[in-house]
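We name chains A, B, ... by the order of the sequence lines, and we start the count at 1 in each one. The structure presented is a predicted model; accordingly, all values stated were derived computationally and were not measured.
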Number of protein chains: 2
Amino acid sequence: MKNTQATIRDIAIKLNISISTVSRALRGAPDVNPETKKAVLEMAEKLHYEPNRVAQSLRIKRTNTLGIIVPEIALHFFSSAISGMQEEASHHGYSIMICQSLESYETEKQNVHMLAANRVDGMFISMSSETKDYAHIQQLLNKNIPVVLFDRVTDSLQVAKVVVDDHDGAFKAVEHLIKTGCRRIAYIGGPLTFYISNQRKRGYLDALKQYNIAPDEELIVHCQELHHEPVERVKRLLQLPPDKRPDALFCLNDPIALPVLQMLKEQSIRVPEDISVVGFTNEPVSGFIEPSLTTVSQPSHEMGKKAIELFIQQNQDLDNFIPATEVMKTTLVVRNSTRKI
Amino acid sequence: MKNTQATIRDIAIKLNISISTVSRALRGAPDVNPETKKAVLEMAEKLHYEPNRVAQSLRIKRTNTLGIIVPEIALHFFSSAISGMQEEASHHGYSIMICQSLESYETEKQNVHMLAANRVDGMFISMSSETKDYAHIQQLLNKNIPVVLFDRVTDSLQVAKVVVDDHDGAFKAVEHLIKTGCRRIAYIGGPLTFYISNQRKRGYLDALKQYNIAPDEELIVHCQELHHEPVERVKRLLQLPPDKRPDALFCLNDPIALPVLQMLKEQSIRVPEDISVVGFTNEPVSGFIEPSLTTVSQPSHEMGKKAIELFIQQNQDLDNFIPATEVMKTTLVVRNSTRKI
DNA sequence: CTGAAAGCGCTAACAG
DNA sequence: CTGTTAGCGCTTTCAG
């Protein structure tokens with residue numbers, strides 16, 4: 001009593017016709033007698049027939065399934081991007097399979113293998129902060145499996161990408177800090193190998209330069225780990241002598257800025273009077289925290305949709321395909337963690 | 001140049017042995033010459049062989065894939081539950097496929113069909129608020145596809161379930177309101193057919209009863225739609241004459257309570273001085289909003305893990321399996337949207 | 001320890 | 001318009 005699932009064979013036998021006719025009828029092929037077709041459809045309904053996509057996939061060498069790898073499903077930026085992908089994918093008849101790397105390079109590699117073994121038709125990857133070797137992804141390309149990177153990307157790979165203009169977003173954020181009177185602006189970033197962190201750092205440095213503020217190495221922090229280290233590093237910055245101390249913090253992202261804000265509150269350091277704080281991403285929490293967080297907003301849902309669109313385009317014209325990088329605009333959302341102009 | 005993927009056949013030919021031997025070696029079967037095995041493994045590595053799970057699945061009639069259907073991926077409760085399922089599933093060698101119903105019954109049905117067509121080994125469903133007919137799920141059971149319902153469940157189906165003690169959570173929430181001096185407590189719920197809404201309503205009514213407060217039908221609201229309607233309905237409640245007006249709102253969940261809180265702020269109605277508000281779920285935002293929201297916390301990540309565990313158990317002992325309902329404990333999180341005792 | 005052969009459920013020529 | 005046939009890549013008897 002295991003697999004009670006009906007097959008086209010069952011339908012064929014019941015109707016005393018061949019399985020190929022059933023197959024054709026089911027798929028709505030043009031050259032099939034309307035009566036036969038009707039009979040097949042009715043019998044399928046009656047037997048609760050459900051096409052076996054596994055068998056189909058094996059035969060047609062396509063699974064109509066897309067694989068997604070993100071660092072952490074539960075982070076709003078990613079769940080929102082996934083949601084966008086899911087919607088767009090289902091419009092095009094694709095199912096999605098999801099993995100999380102939990103910011104581990106090894107897990108990410110395993111995820112890639114698992115999805116490859118499942119023969120997904122394409123992979124959508126936002127890389128772990130640990131990842132600095134891209135052989136596992138290059139291998140997919142060698143096997144002609146389309147890859148779209150989003151948000152957490154790298155220059156080392158010739159593939160379609162969906163990113164925001166990190167440099168521009170960071171520039172606008174830091175410019176805002178400068179315009180509101182901050183001069184000793186610290187950058188709280190991620191690992192040195194972390195692409196988006198470096199892009200945002202470049203934007204930070206360029207803004208300083210434009211306003212003739214000399215960067216101070218002491219105020220540029222690279223965290224290896226993003227959960228606990230940032231708060232500790234900021235604490236250390238606050239212990240610098242008064243003239244060395246930062247008067248603003250530009251954080252790699254909101255998940256870093258929020259606990260920092262929390263810590264400042266605990267230490268009774270006033271924001272923005274004593275120190276300004278800016279994040280990146282615009283998590284839903286950020287608008288509600290007290291003081292609300294000034295941040296750079298990324299269109300997560302749209303980025304997800306766009307990633308799928310890029311894949312669809314690429315598939316339509318496989319031969320002369322040039323990997324496109326879609327750069328989406330960020331918006332500076334000014335709230336209360338920075339001073340008024 | 002399409003599928004450059006190596007197969008066991010390729011390995012067999014290169015090594016001049018039979019494909020069955022390759023298959024055995026790859027799966028680490030016991031009865032295979034260590035030398036042959038070594039050669040096979042090396043050749044597999046060399047050819048970047050990746051087992052074809054599609055073919056495997058067709059043959060062994062198991063896909064090692066689990067299907068998940070939630071109303072909305074981007075809601076924190078669900079993305080957190082999914083994250084828990086993903087982790088637990090991958091421990092047991094399962095991949096996961098994800099769909100969202102977007103609170104639509106029709107979409108939910110399509111999702112079920114799609115996952116069934118993909119021959120997932122089990123389905124994990126949190127039903128849409130629209131769903132009041134369960135034939136689509138009953139059909140899965142008839143086909144011996146294990147189903148685990150979580151959070152959004154129903155009594156009408158004999159399946160494994162993971163829920164929180166909604167009645168108890170609601171009771172505690174309302175009891176807290178009463179103890180802090182509220183007497184005209186409104187319940188802002190979902191559709192009459194929405195199981196969890198009714199459970200929470202029961203908890204609400206029982207708390208009133210226990211404290212000898214007569215329920216007032218006027219204060220019990222059932223919203224058909226959960227995005228805009230609740231705020232409108234609360235506005236109407238506030239227009240009641242002073243002696244009829246509620247002094248507290250117990251909301252079905254945080255996604256309802258938060259916009260309500262926002263609206264009260266806009267209307268300069270003080271919380272909790274003029275009116276207390278309690279939610280359910282404990283979204284991350286809820287602790288940060290001003291005033292922070294008193295709510296009932298659900299262990300979303302753990303619920304996800306538990307759902308997978310239930311499925312694994314069920315699979316180990318298919319014959320004498322009795323569908324278990326796992327009831328998890330909620331915690332009342334007292335914050336600033338309710339008065340102090 | 002290894003090979004031959006059958007078949008999972010379906011599609012796609014090809015022939016009528 | 002319909003049936004026959006040959007696989008897709010893999011596992012699994014059954015013989016050696």
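- Atom CD1 of B:Ile11 and atom P of D:dG9 are 13 Å apart (whole Å).
- Listed nucleotides: D:dC10, D:dC8, C:dG9. Nearest to the side chain of A:Lys61: D:dC8.
- Following rounding to the nearest Å, B:Asn52 (CG) and D:dG7 (C1') show an atom-to-atom distance of 14 Å.
- B:Leu58 has its CG atom 13 Å from the P atom of D:dC8, to the nearest Å.
- When each of B:Ile98, B:Asn111, B:Ile137 is paired with B:Ile69, the side chain to side chain contact (heavy atoms under 4.5 Å, CB included) condition holds for B:Asn111 and for no other.
- The distance from atom CZ of B:Arg9 to atom P of C:dA4 is 12 Å, rounded to the nearest whole Å.
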### Query
Step by step, would you call B:Asn118 with B:Met114 a side-chain contact (heavy atoms from CB on, under 4.5 Å)?
CA-CA 6 Å; B:Asn118 276 290; B:Met114 196 226 80; 3.4 Å; yes
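- A salt bridge does not link B:Lys14 with B:Glu42: every distance from a Lys NZ or Arg NE/NH1/NH2 to an Asp or Glu carboxylate oxygen is 4.0 Å or more.
- For the pair A:Glu50 CD and C:dC8 P, the interatomic distance rounds to 20 Å; values are reported in whole Å.
- In this structure, the nucleotide among D:dT12, D:dG9, C:dA12 sitting nearest to the side chain of A:Arg27 is C:dA12.
- A side chain to side chain contact (heavy atoms under 4.5 Å, CB included) with B:Ile68 is found for exactly one of B:Leu115, B:Ile96, B:Ile308, namely B:Ile96.
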### Message
Please evaluate residues A:Phe78 and A:Arg152 with respect to the criterion side-chain contact (heavy atoms from CB on, under 4.5 Å), reporting the C-alpha separation (whole Å), side-chain torsions for both, the decisive distance (0.1 Å), and the verdict.
### Response
CA-CA 11 Å; A:Phe78 293 114; A:Arg152 309 271 198 96; 4.1 Å; yes
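- Spacing between atom CD of A:Gln5 and atom C1' of C:dG9 amounts to 12 Å, rounded to whole angstrom units.
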Measure all distances between protein nitrogen or oxygen atoms and nitrogen or oxygen atoms of nucleotides 1-3 of chain D, and list the pairs falling under 3.5 Å.
residue, atom, partner, partner atom, Å
D:dT2, OP1, A:Thr36, OG1, 2.8
D:dT2, OP2, A:Asn33, N, 3.0
D:dT2, OP2, A:Thr36, OG1, 3.3
D:dG3, OP2, A:Ser18, N, 2.9
D:dG3, OP2, A:Ser18, OG, 3.1
D:dG3, OP2, A:Thr21, OG1, 2.8
D:dG3, N7, A:Ser20, OG, 3.4
D:dG3, N7, A:Arg24, NH2, 2.7
D:dG3, O6, A:Arg24, NH1, 3.1
D:dG3, O6, A:Arg24, NH2, 3.4

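- Computed from coordinates, the B:Ile8 CD1 to D:dC10 C1' distance equals 5 Å when rounded to whole Å.
- B:Ile13 places its CD1 atom 15 Å from the C1' atom of C:dA4, with the value rounded to the nearest Å.
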Identify every side-chain donor-acceptor pair in residues 30-38 of chain B under 3.5 Å, counting partners at least two apart or on other chains, and give the distances.
residue, atom, partner, partner atom, Å
B:Asn33, OD1, B:Glu35, N, 2.7
B:Thr36, OG1, B:Asn33, O, 3.2

